[in-house]
**Student:** 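Questions regarding the structure given below will be posed in turn.
All ligand and atom numbering here is 1-based and tracks the order in the structure. Since we're looking at a predicted model, the values are computed, not measured.
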Amino acid sequence: MKNNQNTHVEVAIIGTGTAGMGAYREVRKHTDSIALIEGGQYGTTCARVGCMPSKLLIAPGELRHNTEKFADFGLQGKIPSVDGKAVMKRVKDERDRFVGFVNEDIDSFDEKHRIQAYASFVDDHTLSLSTGGTLTADKIIIATGSRPNIPGFFEQAKDRLITNDDVFYWDDLPKSIAVFGAGVIGLELGQALHRLGVHTHLFGVGDAVGPLSDPEVIATSLEIFKGEFPFHSNGQVKSIERNDKGVQITFKPTPDSEEVTETFDYLLAATGRKTNIDNIGIENTSLELDGRGVPIYNPMSMQCGNSHVFIAGDVNGDIPLLHEAADEGRLAGENASTFPQVFKKARKTSLGVVFSDPQIATVGMSFRALTKKLGCHFASGSVSFTGQGRSRVMLVNKGLLKVYGDKETGVLLGAEMIGPHNEHIAHLLAWVIQLRMTVSEVLQMPFYHPVIEEGLRSALRDLLFNLDMGAHPPLRCIDCGPGA
Ligand SMILES: Cc1cc2nc3c(=O)[nH]c(=O)nc-3n(C[C@H](O)[C@H](O)[C@H](O)COP(=O)(O)OP(=O)(O)OC[C@H]3O[C@@H](n4cnc5c(N)ncnc54)[C@H](O)[C@@H]3O)c2cc1C
Ligand SMILES: NC(=O)c1ccc[n+]([C@@H]2O[C@H](COP(=O)([O-])OP(=O)(O)OC[C@H]3O[C@@H](n4cnc5c(N)ncnc54)[C@H](O)[C@@H]3O)[C@@H](O)[C@H]2O)c1
C-alpha cells in the first residue's frame, strides 16, 4: 500500500509486533480490506531486543557458571575465559536468524496491506500517518507495544545510559555495569552479564525480586542472588554522574551502611516499561481512559468500551508477556473482524517465568492476590530444594516452592517459586490449575523417580495437610525413593 494516500480500509492494525501480526492473521480470514501499520523496524520486540536475545546472552553465562562446580564433582579444569566479541557475535547472529523468520512471515503478508509509518489518531476513525496523508478505518486495533521506562535521575549518566535495546547491539562485553531494577529484565541480564565476567552491581528498591509476592520466596531469592553477585535490593542511590571513565555512582548498599562510590562503564535501566499509548493521539478519540491513560477495555474480548477499537499486547500494560500478546492479538483480530458482534473468551491461567538461575516462576493467583481476595481462606504448602534428591545430585539444590490451595474446595489456586529448572514445574502447575484440579487429584498423577518434580509432590502433600485434607507427609516418604 502506498504510504501517502488518503484511503479507507475495513480494519487498521497499528503495530506489527507479535500482537499486531496475530491480529492480522485473524482479520485476513474475513476481509481483504486491511492496513497493517508499522512505524519502527519489523521483527518484533521479542525476537529483536526481548525474549530471544536475552536468552541467548543467558545461555553462555549459565554454561560458564556451571564450570565453577567442577571441583565439587571431582572434575579438574579451569573456568573458561570469555571472548566477549565471540559471545556477542553468537547472540546477534542467532538473534538475526530469529528476526529473519519473523521477517519472512511479514514478507508473506500481502504487500498492499502493509504501511510503513507511525500512525496517530485524529479522531475515532481517522489515523494520520507520519509519512503524510490519513487513513480511515471502520475498525481499529491498537497493538503498539511498550518501551523502556527511564527515570529522569538516570539522565545524569548521559551517553552511558543504556537499555536492553542497546545491549543486544553490542560488539563486545563491557568491563563493568550498574543494572538498575531487580525486575525480570534486571535479574536476567544482570546475572547473565555477571556470569560472563562483567563486573555487575544490581540495584533494586524495597527488596523486590522479579514478580514475586510471597515473603518466604522473596527472602530465599534475595539470599541466593546476594550470595552470587553484588545486589543492593534496598540500597539508596545518592548520586549518578558521568565522569571521564564512565558512570560514577554513589550509594549506600543498605540504608544503614556507609556510602560507597564506584564507577561503571554503563548504567543499564531495567526499571519497567511504558506502554506506547501516550504517543498515538489517543486523547483525540472518544474512548474512556483509565488512570494510566489506557482505554478501558474488556480483557476477555479486547474491546475498548462498546467501540470499534480493540487493544492487544504490551500496549494495554496488563500482562506484558509474549504468549499473552499473541493470544490478545488473535482475540482482537477475531472480534474486530466480526464487530459489532463481539465474543468473549476465557483467558489462560496466568504463567510467568524468569530465566534467572535458579529460575523464578509464578502460576495462577499470586500470594498477594490470594491474601487480598481470600484472606485466611487459603492454605500454603512448601518444599525447599536444598535437600531435594535430584537437585542435589545435579548440584542445583537451591530454592523454595510454595503452592496455594482453597480451604473450602481443595482446588489448587497458584504457586510462586525459585528453583532449578522451574520452568517445567510451572507449566505442569499452570495446566492443572487451568483444569481446576484439586490438590488430591494432582497428587494422583504419576511422579517419576528421581526427578525435580518429586519436590512438587512434597509441596502438594504439605499443602493437602495444611488444608486439613490429608495426613502429615512422612519425613522420609517410602513411595518416593531416597531424597524425593
Ligand atoms: C528484554 C526483554 C525480554 C523479554 N523476555 C520475555 C520472555 O522471555 N518471555 C515472554 O513471554 N516475554 C518476554 N518479554 C516480553 C515480550 O517481548 C513482549 O510481551 C511482547 O514482545 C509484546 O508484543 P507486542 O506485539 O505487544 O509489542 P511489540 O512486539 O513491541 O510490537 C509493537 C510494534 O508497534 C510498533 N509501533 C509502536 N507505535 C506505533 C505507531 N504509532 N504506529 C505504528 N507502529 C507503531 C512498534 O515499532 C512495534 O514494532 C521480554 C521483553 C523484553 C524487553
Ligand atoms: N522471562 C520473561 O518472561 C521476561 C523477561 C524480560 C522481560 N519480560 C517482560 O518485560 C516486562 C518489563 O521488565 P522490567 O524488568 O523492565 O520490569 P519489571 O516491572 O519486571 O521490573 C522493574 C523493576 O524496577 C524496579 N525499579 C523501578 N524504579 C527503580 C529505580 N529508580 N531504581 C531501582 N529499581 C527500580 C521496580 O521495583 C521493579 O522491581 C516484565 O514485566 C515482563 O512482563 C518478561
**Student:** Side chains of E26 and S337: any donor to acceptor distance under 3.5 Å?
**Tutor:** no
**Student:** Ignoring angles and geometry beyond distance, decide whether L321 reaches within less than 3.5 Å of ligand 2 through its nitrogen or oxygen atoms.
**Tutor:**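 In this structure, L321 places no N or O atom under 3.5 Å from an N or O of ligand 2.
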**Student:** Are E94 and R97 close enough for a salt bridge, meaning some N to O gap below 4.0 Å?
**Tutor:**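 R97 and E94: salt-bridged.
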**Student:** Does one side chain, of T261 or T250, offer a donor that lies under 3.5 Å from an acceptor on the other?
**Tutor:**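 Yes, because at least one side-chain N or O of T261 sits under 3.5 Å from a partner of the opposite role on T250.
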**Student:** Using modelled atom types only, decide if a donor and an acceptor are shared between the side chain of D166 and the backbone of T163 within a distance under 3.5 Å.
**Tutor:** yes
**Student:** Decide whether the shortest distance between a heavy atom of G272 and an atom of ligand 2 is less than 4.0 Å.
**Tutor:** yes
**Student:** At a non-hydrogen distance cut-off of under 4.0 Å, which region of A117 contacts ligand 1 (side chain, backbone, both, or neither)?
**Tutor:** backbone
**Student:** Using every non-hydrogen atom in the two residues, find where R347 and P299 come nearest and quote the distance to one decimal.
**Tutor:** NH1-O, 2.9 Å
**Student:** Ignoring hydrogens, just give me the one of A47, C51, G329, G15 whose non-hydrogen atom is nearest atom 9 (N) of ligand 1.
**Tutor:** C51
**Student:** Who gets closest to atom 32 (C) of ligand 1 by heavy atom: A143, A325, G313?
**Tutor:**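 Checking each option, the heavy atom nearest atom 32 (C) of ligand 1 is found in A143.
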**Student:** Just to check, does S120 reach to within less than 4.0 Å of ligand 1 when the distance is taken from its heavy atoms?
**Tutor:**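 Not so, S120 does not reach ligand 1.
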**Student:** Would you mind checking which non-hydrogen protein atom is closest to atom 11 (O) of ligand 1, with the distance to 0.1 Å?
**Tutor:** L322 N, 2.9 Å
**Student:** Would one find an N or O of P151, backbone or side chain, under 3.5 Å from an N or O of ligand 2?
**Tutor:** no
**Student:** Around atom 49 (O) of ligand 1, find the nearest protein heavy atom and jot down its residue, atom name and distance.
**Tutor:**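 Answer, as residue, atom name and distance: E38 OE1, 2.7 Å.
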**Student:** Starting from atom 35 (C) of ligand 2, what is the nearest protein heavy atom, named by residue and atom, and what distance separates them?
**Tutor:**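 I find the closest protein heavy atom is T271 CG2, 3.4 Å.
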**Student:** Quick check: does E188 get an N/O under 3.5 Å from an N/O on ligand 2?
**Tutor:**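 Such a contact does occur with ligand 2.
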**Student:** Between ligand 2 and F355, is the shortest N or O to N or O distance under 3.5 Å?
**Tutor:** no
**Student:** With backbone taken as N, CA, C and O and side chain as the heavy atoms from C-beta onward, which portion of R273 lies under 4.0 Å from ligand 1: side chain, backbone, both, or neither?
**Tutor:**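 The answer is the side chain.
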**Student:** Backbone, side chain, both or neither: what part of F203 comes under 4.0 angstrom of ligand 2, heavy atoms only?
**Tutor:** backbone
**Student:** Examine T45 against ligand 1 and note whether any of their N/O atoms are separated by less than 3.5 Å.
**Tutor:**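 Yes.
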**Student:** For G181 and L202, work out which heavy atoms get closest and say how close.
**Tutor:** O-CD1, 3.4 Å
**Student:** For the 3.5 Å polar cut-off, considering only N or O atoms, please tell me whether K55 and ligand 1 meet it.
**Tutor:**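 Yes, at least one N or O pair falls under 3.5 Å.
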**Student:** Indicate yes or no: does an N/O atom of I14 lie under 3.5 Å from an N/O atom of ligand 1?
**Tutor:**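 N/O-N/O distance below 3.5 Å does not exist for this pair.
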**Student:** Heavy-atom contacts with R273 under 4.0 Å: which atoms of ligand 2 show up? List them by number with element.
**Tutor:**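 Ligand 2 atoms under the 4.0 Å threshold to R273: 12 (C).
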**Student:** So which heavy atom in the protein is nearest atom 21 (O) of ligand 1, and how far is it from that ligand atom?
**Tutor:** C46 N, 3.6 Å
**Student:** Among all protein heavy atoms, pick out the one at the shortest distance from atom 26 (O) of ligand 1; state its residue, atom name and that distance to 0.1 Å.
**Tutor:**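 Checked against all protein heavy atoms, atom 26 (O) of ligand 1 sits closest to D314 N, 2.8 Å.
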**Student:** If you take the centroid of each ring, where Trp contributes its six-membered ring, are H308 and H125 closer together than 6.0 Å?
**Tutor:**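 Distance test on ring centres: under 6.0 Å, yes.
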**Student:** Which residue owns the protein heavy atom closest to atom 15 (O) of ligand 2, what's the atom, and how far is it?
**Tutor:**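 Looking at atom 15 (O) of ligand 2, the protein heavy atom closest to it is I185 N, 2.8 Å.
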**Student:** Check whether more than 12 heavy atoms from other residues, nucleotides or ligands sit under 6.0 Å from atom NZ of K398, and answer yes or no.
**Tutor:**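 Counting neighbours around NZ of K398, 12 or fewer heavy atoms of other residues, nucleotides or ligands fall under 6.0 Å, so no.
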**Student:** Has ligand 2 got any nitrogen or oxygen that is less than 3.5 angstrom from a nitrogen or oxygen of V353?
**Tutor:**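 Yes: some nitrogen or oxygen of V353 is under 3.5 Å from one in ligand 2.
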**Student:** With atoms numbered from 1 as shown, which atoms in ligand 2 lie under 4.0 angstrom from a non-hydrogen atom of G183?
**Tutor:**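 So the answer, numbered in order with elements, is 15 (O), 20 (O), 21 (O), 23 (C), 39 (O).
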**Student:** Check whether Y169 forms a cation-pi arrangement with R95 (NZ or CZ under 6.0 Å from the six-membered ring centre, at most 45° off the ring normal).
**Tutor:**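 Yes, R95 sits over the ring of Y169.
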**Student:** Among G50, G39, S146, whose heavy atom sits nearest atom 52 (C) of ligand 1?
**Tutor:** G50
**Student:** Does CD in E283 sit with more than 12 non-hydrogen atoms of other residues, nucleotides or ligands closer than 6.0 Å?
**Tutor:**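 Check passes, neighbour count above 12.
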**Student:** Would D32 and K112 satisfy salt bridge (charged side-chain N to carboxylate O under 4.0 Å, His left out), going step by step from the backbone distance to the final call?
**Tutor:** CA-CA 9 Å; D32 189 37; K112 74 171 185 291; 2.9 Å; yes
**Student:** Which residue owns the protein heavy atom closest to atom 41 (O) of ligand 2, what's the atom, and how far is it?
**Tutor:**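 Answer for atom 41 (O) of ligand 2: P320 CG, 3.9 Å.
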**Student:** Specify side chain, backbone, both or neither for A270, according to which of its non-hydrogen atoms lie closer than 4.0 Å to ligand 2.
**Tutor:** backbone
**Student:** Could you identify the single nearest non-hydrogen protein atom to atom 40 (C) of ligand 2 and state the distance to 0.1 Å?
**Tutor:**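 Here the nearest protein heavy atom works out to V184 CG2, 4.0 Å.
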**Student:** Going by distance only, is there an N or O of P320 that falls short of 3.5 Å from an N or O of ligand 1?
**Tutor:**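 Among all N and O atoms of P320, at least one is under 3.5 Å from an N or O of ligand 1.
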**Student:** Between D105 and R25 (salt bridge meaning N to carboxylate O under 4.0 Å), is one present in this structure?
**Tutor:**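 Salt bridge flag = yes for R25 with D105.
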**Student:** Does ligand 1 have any atom that is closer than 4.0 Å to a heavy atom of V49?
**Tutor:**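 Yes, V49 has heavy atoms under 4.0 Å from ligand 1.
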**Student:** Would H323 count as a polar contact of ligand 1, with the cut-off being nitrogen or oxygen pairs under 3.5 Å?
**Tutor:** no
**Student:** Considering non-hydrogen atoms of the protein only, which is the closest contact for atom 39 (C) of ligand 1, and what is the distance?
**Tutor:** T144 CG2, 3.5 Å
**Student:** Answer yes or no: is there a donor N or O on one side and an acceptor on the other, between the side chain of K139 and the main chain of A336, under 3.5 Å?
**Tutor:** yes
**Student:** Are a donor atom and an acceptor atom from the side chains of N335 and Q303 found within less than 3.5 Å of each other?
**Tutor:** no
**Student:** Would you say L268 and F180 make side-chain contact, with heavy atoms under 4.5 Å?
**Tutor:** no
**Student:** Please report whether ligand 1 has a polar contact with A19, defined as an N or O pair separated by less than 3.5 Å (distance criterion only).
**Tutor:**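 By distance alone, the answer is yes.
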**Student:** For a quick check under 3.5 Å, do R273 and S146 share a side-chain donor-acceptor pair by atom type?
**Tutor:** yes
**Student:** How far is atom 42 (N) of ligand 1 from the closest protein heavy atom, and which atom is that?
**Tutor:** A119 N, 3.0 Å
**Student:** Just by modelled atom types, is the V315 backbone N or O under 3.5 Å from a matching donor or acceptor in the T275 side chain?
**Tutor:**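 Judged by distance alone, yes, a pair lies under 3.5 Å.
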**Student:** Okay, side chain of N234, backbone of P255: is any donor-acceptor separation there less than 3.5 Å?
**Tutor:** no
**Student:** Looking only at protein heavy atoms, identify the closest one to atom 40 (C) of ligand 1 and say how far it is in Å.
**Tutor:**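 Checked against all protein heavy atoms, atom 40 (C) of ligand 1 sits closest to Y118 CD2, 3.5 Å.
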**Student:** How far is atom 31 (O) of ligand 1 from its nearest protein heavy atom, and which residue and atom is that?
**Tutor:** G17 CA, 3.2 Å
**Student:** Grab the two heavy atoms, one from V184 and one from P211, that are nearest each other, plus how far apart they are.
**Tutor:** CG2-CD, 4.5 Å
